[in-house]
Protein chains: 2
Amino acid sequence: MKSLSPEQYTAMANAVRALAMDAVQQANSGHPGAPMGMADMAAALWGRHLRHNPANPLWPDRDRFVLSNGHASMLLYSLLHLTGYELTMDDLKGFRQLHSKTPGHPEVDVTPGVETTTGPLGQGICNAVGMALAEKLLAAEFNRPGYDIINHHTYAFLGDGCMMEGVSHEACALAASWRLNKLIALYDSNGISIDGEVQPWFSENIAERFAAYGWNVIGPVDGHDADEVERAIAQAKTLDNAPNLIICTTRIGHGSPNRAGTAKAHGEPLGAEEIKLTRQSLGWDHEPWTIPQDVYDAWNARAQGGNEEAVWNQQFAAYRQAFPELAAQLQRRLAGELPDDFAASAQAALAATHAKAETIASRKASQNALEWLTGALPELLGGSADLTGSNLTNTSHTPKLRFDESTGSVVTDATGHIGRHINYGVREFGMAAIMNGIALHGGYIPYGGTFLTFSDYSRNALRMAALMKRRVVHVFTHDSIGLGEDGPTHQSVEHAASLRLIPGLDVWRPADTAETLVAWTSALQAKDRPSALLLSRQNLPYAPKASLADIARGGYVLSEPASAAQAVLIATGSELSIALAAQAQLAESGIAARVVSMPCCEAFDRQDAAYRDRVLPVGVPRLAIEAGVTGLWYRYGCARVLGLDRYGESAPAGQLFELFGLTASHLAQATREVLGA
Amino acid sequence: MKSLSPEQYTAMANAVRALAMDAVQQANSGHPGAPMGMADMAAALWGRHLRHNPANPLWPDRDRFVLSNGHASMLLYSLLHLTGYELTMDDLKGFRQLHSKTPGHPEVDVTPGVETTTGPLGQGICNAVGMALAEKLLAAEFNRPGYDIINHHTYAFLGDGCMMEGVSHEACALAASWRLNKLIALYDSNGISIDGEVQPWFSENIAERFAAYGWNVIGPVDGHDADEVERAIAQAKTLDNAPNLIICTTRIGHGSPNRAGTAKAHGEPLGAEEIKLTRQSLGWDHEPWTIPQDVYDAWNARAQGGNEEAVWNQQFAAYRQAFPELAAQLQRRLAGELPDDFAASAQAALAATHAKAETIASRKASQNALEWLTGALPELLGGSADLTGSNLTNTSHTPKLRFDESTGSVVTDATGHIGRHINYGVREFGMAAIMNGIALHGGYIPYGGTFLTFSDYSRNALRMAALMKRRVVHVFTHDSIGLGEDGPTHQSVEHAASLRLIPGLDVWRPADTAETLVAWTSALQAKDRPSALLLSRQNLPYAPKASLADIARGGYVLSEPASAAQAVLIATGSELSIALAAQAQLAESGIAARVVSMPCCEAFDRQDAAYRDRVLPVGVPRLAIEAGVTGLWYRYGCARVLGLDRYGESAPAGQLFELFGLTASHLAQATREVLGA
């Protein structure tokens, strides 16, 4: 660990402040206050503690750093630049400009060293909880005596906004239940949010709140005394019983004579004159975009990081020699690759499922698929937001994840396996944001369940997964009025359509066991996409199919009429059997209707035009049926859509399908009307 | 207050247990465990403390009762039946059946005495916070020395699930900041959730957590000792400094020999045999659906409630005599009626706005509209989730709502007016759920702001407002890539469309000052609907218009070409000016295009077919442009939609509109392509 004098700390922090001021000024947009306030905290953490190699941002055992208050992006960009990442001064000058590596909020994969995309408050700390969980579980799975191959910390900075957001409550409560002792969160307590001094609306005692969760709480420390922050971090690293919160008292915009400690410092440039005054006040007499070499030297982490990674590489080589299979599995999983035989196994599983032709609920079909998948893929890490028995997300391969009450360590079974099914509690949003963190860390593919309607709660975390292009799988059961008596509060109506609107998210609503299996294998094979599986509570008959190959295309001709099709009936999920019955009714009256099953619109939309035209021939009238809002189906040129543009009712499911006209006879009648027949 | 012996308490509670068991058994669906566990708590509260009149569920000064753990609906239905509401034994027998008054989860307006619709966990307690706030503010506004016209408590039952949900954190933290001393929450602490014994995933210390917020915490008390619960409630009523949490230790399914204290008791019928055993164990030897008269008598609240309301009616009559204007205003506001002259004023304001023809951001136009509205409507209670200066939700008539630090009372200004703009903090979901509670209480019309993208966080509360048909107004600013440099985490892309999918929610995306004003007046005149106003960060030019009358219809012909229209260009919000420019470009090349402004699809869809056909004539090709996902526009038969089916970028807004082809020349070109011209 480097030794840094108070003067060095100050200069390092001031370099960050100067870059933040100057970049925001140049962009004429952005947030100078938070970077300036957290600069000393950053000097303590990044200057002394963070274990990372700027030359290889993807070193698997690096410490993770999450900036949960993502509007402080210039803090992170400054740190990455100063410590030696591939982020040049020109990149900093491009702050918030089109296609720069320094967008308004940190974005993973855009900037080397950025671990997660943050900005929507509260979710970054949840990502950090997920990363810390992944670290702890990987260590339990893969470390062996003398080989601590996975052994790193997860650090997060978070501010008042994150603390107010409910999702921070969910994830931080879980972090304590999970005893994530290597999670160290530094709370930037500056008492200011956009609306001003927070006391009138943010009066909770954070130390007591986190102690109530079971965290170690350190401080308040002076967040502008890097040495004090450094010691607090050192102390946190010695505590091995619980996650750690270091409360750092700071002033937003620290250094600015006229804006520090005010909401004005938050979200707008300081202005040229105030920047000049701030430079004077800080004793930072360097021109904009100019960092003295000694400050660069104090920050630079390439040498130390390179050494640390080299040591780890040696350790890992020895580990690979001692435990070749474990090492290979770990490398495969960290790379996010499925086993080589996965595609073949998937094909065999699909053929077997087809042969069985079971009539079961698609949530049960999902569990059956998972029974195979969780056996084949040890990286699958499941869970449910307190609906395990309803979501059917658990299998014989996924015992409950538990932590030893006295030591906090991961409980393993007699064969050394960890629990792989997480009871997230009634915390849908926290679950989803934690899953994002698990996926970001690597080593696991997270999936988790709740009722489809409660995807509302977790919605922005689904969006973030899609924006970040991370493979997480959401199991949303009880996907329509088909859940029956629980009534409109629980019956999804708009949710299938509204999830389909999220760019980059694959939404599967499978109709039977085969489609459910394909939904799962497609979701797992899509390395750069999250998927949502919308599954029925009620039993669904198996839909006979001539070929299985096209299911993965998202939409396919399920049933062709005896003569040339006069109409196409498009259906998803539980309504597919209704479409098939309507087809039969129409056939009786001499109308030839094709049935297209459309389990995944996004996959279908990715097919080439020739395929899409084969499935939905130009000029043949189309109708769609889905137990939900109708509007989005018209983009497939439907002449009529049978659905439900209102809320459901509390009643047995069968009565509801009748009540809302979601029946074969209605669909057949609508088809006749469209055809004028 | 009635005196009730331990034996009476027990019999009263057992009556609830029996009804809950029997109803769930008969429906073969539902949740017996929670009602059975909370029956004694209910006996204490409803038997001794609740001030209500079953003969008039809408008595304005009744105590409010919220069942936040709404799956315990049979508890509430039993209480309503037993205390004398218009809810018969036959209604109870219809539990969870189609069109019964006893749906699976409690629904306001469906069952007399049900104050709010609950089921989605965590939101009920937020509604209660909103109700308690409304009570406190109304009392501050309307009570006069000697006339405590508004003076009631708000009670809530909540369970472990509500405690885990993040939204409970948001609202309970605010309840303390607001010093809601007349809020008394009873926490059903039974240690069991659906996944089993909660300790491994729910290990926080609730008493410490709520103390950290600043609540009074009472207990744990024995939740099966009604007398102890009764005394705890009495104690809470004496405390006047903070909201109150009574922790009641209970057993889920209390009384069931084989299911009590297990997750099995939660969500399925006990079964005939176990019900028999439970009856024996409880000493309840009455047939199903049979309540002895003495138990009815002990529960019945009609006489006492009638007396209490009569006393209040006398008080109110005296108050009306002393303060006729105040009384009239209070009655008008509680009835949810706008002042008689509102429609005329709205018309005048619209004419003036039109005459001004300002080029300003629609968020600024909204603030200008609010400047008038908050002056004209004292019931408007605004707020923002820590983005006041960005959402522009405050006006000169809405000082900040503040509470005296020492007494906790509402701070009033020199003229006796309360603060009417709420700093909700960074708590979007909590804000929305609290707003629902305010609207449910009555006396205020709540509105609140955040960025449109963060409507994701509050989405289910918007849905609940729509399901409950309550007038709340959401101000969602920064409504597209037009916000620029903050980047894709903050740029709404799918949100306008996804909000339009929520049944019963009016979504306005106005294009200029006139449309913004109409959006506001329409939202306020829609007594039985929530509205969302989607507003720009950036300036929007005023769109010249021949007539103002049709704006409120949601879609109207804004600009007619010189000759018969060959194409219709549909646009909303910031894209309307692009459509007008495209129209001009097309005119130059001899193509006549009509521009239709569509600020509110829902309002347009409610127009009769003749009007809709006048605006969108059959046979004339249509194109739409909106800076968001395109899919939903095809329901208007659009041949082409210009939009953005991907995430945005961090860059100045103007560059983004160019980058994504949202320009007049692109729209003109697309029109030519559609026309084959």
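Please read all numbers here as calculations on a predicted model, not as lab measurements. All values below come from the heavy atoms of this structure, side chains included, with hydrogens, waters and symmetry mates left out.
Using a 4.5 Å cut-off on side-chain heavy atoms (C-beta onward), A/P120 and B/F454 make contact. A/L659 places a side-chain heavy atom less than 4.5 Å from the side chain of B/L98. Within the 4.5 Å cutoff, the side chain of A/M164 has no heavy atoms near those of the B/E170 side chain. Between A/T118 and B/T489, the closest side-chain pair of non-hydrogen atoms is not below 4.5 Å. In this structure, the side chains of A/V493 and B/I502 stay at 4.5 Å or more apart for every pair of heavy atoms. With contacts defined as side-chain heavy-atom distances shorter than 4.5 Å, the pair A/H31/B/D486 qualifies. B/S498 is listed as a side-chain neighbour of A/R459, based on a closest heavy-atom distance under 4.5 Å. With contacts defined as side-chain heavy-atom distances shorter than 4.5 Å, the pair A/D386/B/W201 qualifies.
Using a 4.5 Å cut-off between heavy atoms, A/A385 makes no contact with chain B at all. In this structure, the portion of B/R646 lying under 4.5 Å from any heavy atom of chain A is its backbone and not its side chain. Residue A/S100 does not touch chain B at all, counting heavy-atom pairs closer than 4.5 Å. For A/T117, the part sitting under 4.5 Å from any heavy atom of chain B is the side chain, from C-beta outward, and nothing else. Residue B/S390: no heavy atom, backbone or side chain, is found under 4.5 Å from chain A. Interface residue B/M464: only side-chain heavy atoms are found under 4.5 Å from chain A. Heavy atoms closer than 4.5 Å to chain A are found in both the backbone and the side chain of B/N423. A/E165 touches chain B through backbone and side chain together, each having a heavy atom under 4.5 Å away. In this structure, the portion of B/L656 lying under 4.5 Å from any heavy atom of chain A is its side chain and not its backbone. Both the backbone and the side chain of B/S193 come within contact range of chain A, judged by heavy atoms closer than 4.5 Å.
Looking at B/S650, its side chain does come within 3.5 Å of a backbone N or O of A/G104 through a donor-acceptor pair. For the pair A/H169 (side chain) and B/M163 (backbone), a donor-acceptor distance under 3.5 Å is present.
A/S458 OG to B/Y457 OH: the interatomic distance, rounded to the nearest 0.5 Å, is 12.0 Å. Here the straight-line distance linking atom CG of A/N460 with atom NE2 of B/H495 works out to 6.0 Å at 0.5 Å rounding.
Between the side chains of A/E107 and B/Y647, no donor N or O sits under 3.5 Å from an acceptor N or O.
B/E494 has a carboxylate O that lies under 4.0 Å from a charged side-chain N of A/R463, or vice versa, which qualifies the two as a salt bridge.
Checked against the 6.0 Å centroid threshold, B/F429 and A/F429 do not count as a close aromatic pair.
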